[in-house]
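Computation of the quantities below employed the complete heavy-atom set of this structure, encompassing side-chain atoms and omitting hydrogens, waters and symmetry-equivalent molecules. Ligands are counted one by one from 1 in listed order, and the atoms in each one are counted from 1 as well.
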Amino acid sequence: MKLVIAYIRPEKLNDVKEKLYAAKIYNMSVTNVLGSGRQKGFTETYRGVLKEVNLLKKVRLEIGVNEDFVQPCLKAIQEGAYTGKEGDGVIFVLEIAEALRIRTEETGPQAMG
Ligand SMILES: Nc1ncnc2c1ncn2[C@@H]1O[C@H](COP(=O)(O)OP(=O)(O)OP(=O)(O)O)[C@@H](O)[C@H]1O
Ligand SMILES: [Mg+2]
């Protein structure tokens with residue numbers, strides 16, 4: 001079991017969601033976040049002085065998946081979130097030690113999707 005965490009452009013959320021649904025991945029959490037990557041957000045010139053390091057609006061996706069769905073999940077996010085310009089985002093994959101569905105008490109891969 002893996003937890004896929006992705007930071008994407010807010011305006012690409014719908015495209016990513018459609019790709020995920022096409023891959024039969026429906027269970028996800030989505031939050032609005034502020035973030036910066038290698039370009040440190042963006043810089044501004046104020047009265048001739050370059051200053052202000054800003055945080056940009058991004059969307060964070062968290063998706064718990066069984067092993068068979070890891071690659072389809074990564075592909076869906078990569079394709080849906082891609083523009084080719086700086087700021088397209090990043091995807092992290094973490095190991096999930098255990099999962100438990102509260103209502104049914106299912107555990108492990110059964111609890112995943
Ligand atoms: N190492 C990181 N840790 C946590 N969040 C990150 C990290 N890298 C990127 N992010 C998140 O992803 C968002 C988009 O990052 P971004 O696409 O600018 O990454 P980048 O590494 O600068 O790549 P690029 O050069 O394509 O812009 C950031 O605003 C931030 O929310
Ligand atoms: Mg960047």
task: Drop me the distance from S36's OG to N54's CG, to the nearest 0.5 angstrom.
output: 9.5 Å
- request: Mind checking the CD1-CD1 spacing from I63 to I25? Nearest 0.5 Å is all I need.
  value: 6.5 Å
message: Using only atom types and a distance under 3.5 Å, with no angle test, would you say the side chain of D88 pairs donor to acceptor with the backbone of Y82?
response: no
message: Looking at E62 and M28, would you say the former's side chain and the latter's main chain have a donor-acceptor pair under 3.5 Å?
response: no
- request: Return the set of residues passing side chain to side chain contact (heavy atoms under 4.5 Å, CB included) with V90 (not counting sequence neighbours), or none when no residue passes.
  value: Y7, F92
task: State which residues pass side-chain hydrogen bond (donor to acceptor under 3.5 Å, both in side chains) with E95; sequence neighbours excluded, sorted by chain then number.
output: K2
field: Near ligand 1, at a heavy-atom separation below 4.0 Å: residues by chain and residue number
entry: Y7, G35, S36, G37, R38, Q39, K58, E86, G87, D88, G89, V90, F92
- request: Taking all non-hydrogen atoms of both residues into account, name the closest pair between K85 and R9 and its distance.
  value: O-NH2, 3.2 Å
query: Minimum heavy-atom separation for K58 to G87, with atom names?
result: NZ-O, 2.8 Å
- request: Give, for atom NZ of K17 and atom CG of L13, the distance between the pair rounded to the nearest 0.5 Å.
  value: 5.5 Å
- prompt: For the Mg ion (ligand 2), how many protein N, O or S atoms lie at less than 2.8 Å?
  reply: 1
